[in-house]
Amino acid sequence: MPLSTQSQADIDQYILIASLDNARNLSNILKITMSPSHPYFRLSTFGNSGNAHYDYPKDSDMMELFQCTKIQTNRYKMSLLKPSTKALALSCKVSVRTDSRGFLSLQYLVRNDDGQICFVEYYCCPDEVEEE
């Protein structure tokens, strides 16, 4: 039912209402987060404005190599990751690795003005989860 023909009571029951000029965009999006091949790499953020999850299938065009021996969940403070975003903005490729303890290694491949390749590495320890 078009939004213009719905009553205010009907509209109030929804959390999000959106309209699209082209349904193809929605179709493409739904073909990608709904059916990721497993295993996958997930980046999630949690905050006052809401949560967001980004899933990357192991056979995604964005993945050059994906190796995962077990499912692992780690949390990192954004304040610790934020300094690495300057290198991210300059990078051509990024390598993301974690070890069994959850220590994160971000390796950025950066080309300088002369075309030389250099690497910037950033390490971050996981946020400790306190058990009750």
Side-chain angles (χ1 to χ4, degrees):
M1 178 183 300
L3 291 177
S4 60
T5 61
Q6 290 185 337
S7 70
Q8 187 62 39
D10 290 337
I11 291 173
D12 289 343
Q13 72 180 346
Y14 299 107
I15 295 172
L16 171 69
I17 297 175
S19 64
L20 295 172
D21 294 348
N22 186 344
R24 185 179 299 149
N25 295 335
L26 179 61
S27 173
N28 290 337
I29 291 170
L30 292 176
K31 285 179 188 174
I32 293 171
T33 318
M34 299 301 268
S35 58
S37 60
H38 293 280
Y40 60 87
F41 180 69
R42 171 177 271 187
L43 293 174
S44 300
T45 61
F46 305 93
N48 295 334
S49 299
N51 304 333
H53 304 284
Y54 304 95
D55 292 339
Y56 301 94
K58 70 176 183 177
D59 57 357
S60 166
D61 291 339
M62 295 180 70
M63 293 283 182
E64 187 172 295
L65 175 67
F66 184 87
Q67 295 176 325
C68 181
T69 57
K70 68 175 186 168
I71 295 174
Q72 188 170 327
T73 301
N74 302 302
R75 293 179 183 248
Y76 305 94
K77 290 189 186 287
M78 194 58 157
S79 61
L80 297 178
L81 292 174
K82 192 172 182 178
S84 74
T85 58
K86 290 181 182 180
L88 176 63
L90 299 172
S91 67
C92 303
K93 285 187 179 182
V94 178
S95 170
V96 179
R97 297 183 305 266
T98 60
D99 67 10
S100 60
R101 301 170 297 163
F103 280 79
L104 177 68
S105 168
L106 300 170
Q107 185 182 62
Y108 303 102
L109 184 147
V110 178
R111 292 188 194 274
N112 65 17
D113 293 336
D114 298 334
Q116 292 179 319
I117 294 175
C118 61
F119 293 93
V120 176
E121 289 194 81
Y122 188 81
Y123 298 95
C124 185
C125 63
D127 195 18
E128 292 183 351
V129 178
E130 295 181 21
E131 296 184 25
E132 295 180 20

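Index from 1, following the sequence.
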When rounded to the nearest 0.5 Å, the distance separating OG1 of Thr45 from OH of Tyr54 is 5.5 Å
Closest non-hydrogen contact found for Ser84 with Leu106 is OG-CD1, 3.9 Å
* To do: Report yes or no: does Glu64 contribute a side-chain atom to a donor-acceptor pair with the main-chain N or O of Ser95 at less than 3.5 Å?
  => no
Could you check whether atom CZ of Phe119 has more than 12 heavy atoms from other residues, nucleotides or ligands sitting under 6.0 Å from it?
yes
Is it true that atom CE of Met63 has more than 12 heavy atoms of other residues, nucleotides or ligands lying nearer than 6.0 Å? yes
Q | Pairwise side-chain contact, Arg101 with Pro126, heavy-atom cut-off 4.5 Å (strictly under) | A | no
Distance col, row Met78:CE vs Cys124:SG, nearest 0.5 angstrom, shows 10.5 Å
Has the side chain of Tyr76 got a donor or acceptor atom that lies under 3.5 Å from a matching backbone atom of Gly102? yes
Might you confirm whether atom CG of Asn48 has over 12 heavy atoms from other residues, nucleotides or ligands at distances under 6.0 Å?
no
Taking every heavy atom of Gln72 against every heavy atom of Asp99, the minimum-distance pair comes out as NE2-O, 2.9 Å
**Asked** Is there a side-chain contact between Leu104 and Leu81, using heavy atoms and a 4.5 Å cut-off?
**Response** yes
Over 12 foreign heavy atoms within 6.0 Å of CD1, Ile71
no
The reported gap from CZ in Arg75 to CG in Asp127 (rounded to nearest 0.5 angstrom) is 8.0 Å
Taken to the nearest 0.5 Å, the spacing of Thr85 OG1 from Tyr122 OH works out to 9.0 Å
*asked:* Which label fits His53 and Phe46: parallel for a plane angle under 30°, tilted from 30 to 60°, or perpendicular past 60°?
replied: perpendicular
* To do: Check whether any side-chain heavy atom of Val96 sits under 4.5 Å from a side-chain heavy atom of Tyr56, and report yes or no.
  => no
CD of Gln67 to NZ of Lys58, rounded to nearest 0.5 Å, is 11.0 Å
Inspect the surroundings of CG in Asn112 and state if more than 12 heavy atoms from other residues, nucleotides or ligands are less than 6.0 Å away. yes
When rounded to the nearest 0.5 Å, the distance separating CE of Met62 from CZ of Phe41 is 10.0 Å
Requested in this report: Report yes or no: do Ser60 and Tyr40 form a side-chain donor-acceptor pair below 3.5 Å?
Outcome: no
Review point. What do you reckon, is CZ of Arg111 surrounded by more than 12 foreign heavy atoms closer than 6.0 Å?
Key: no
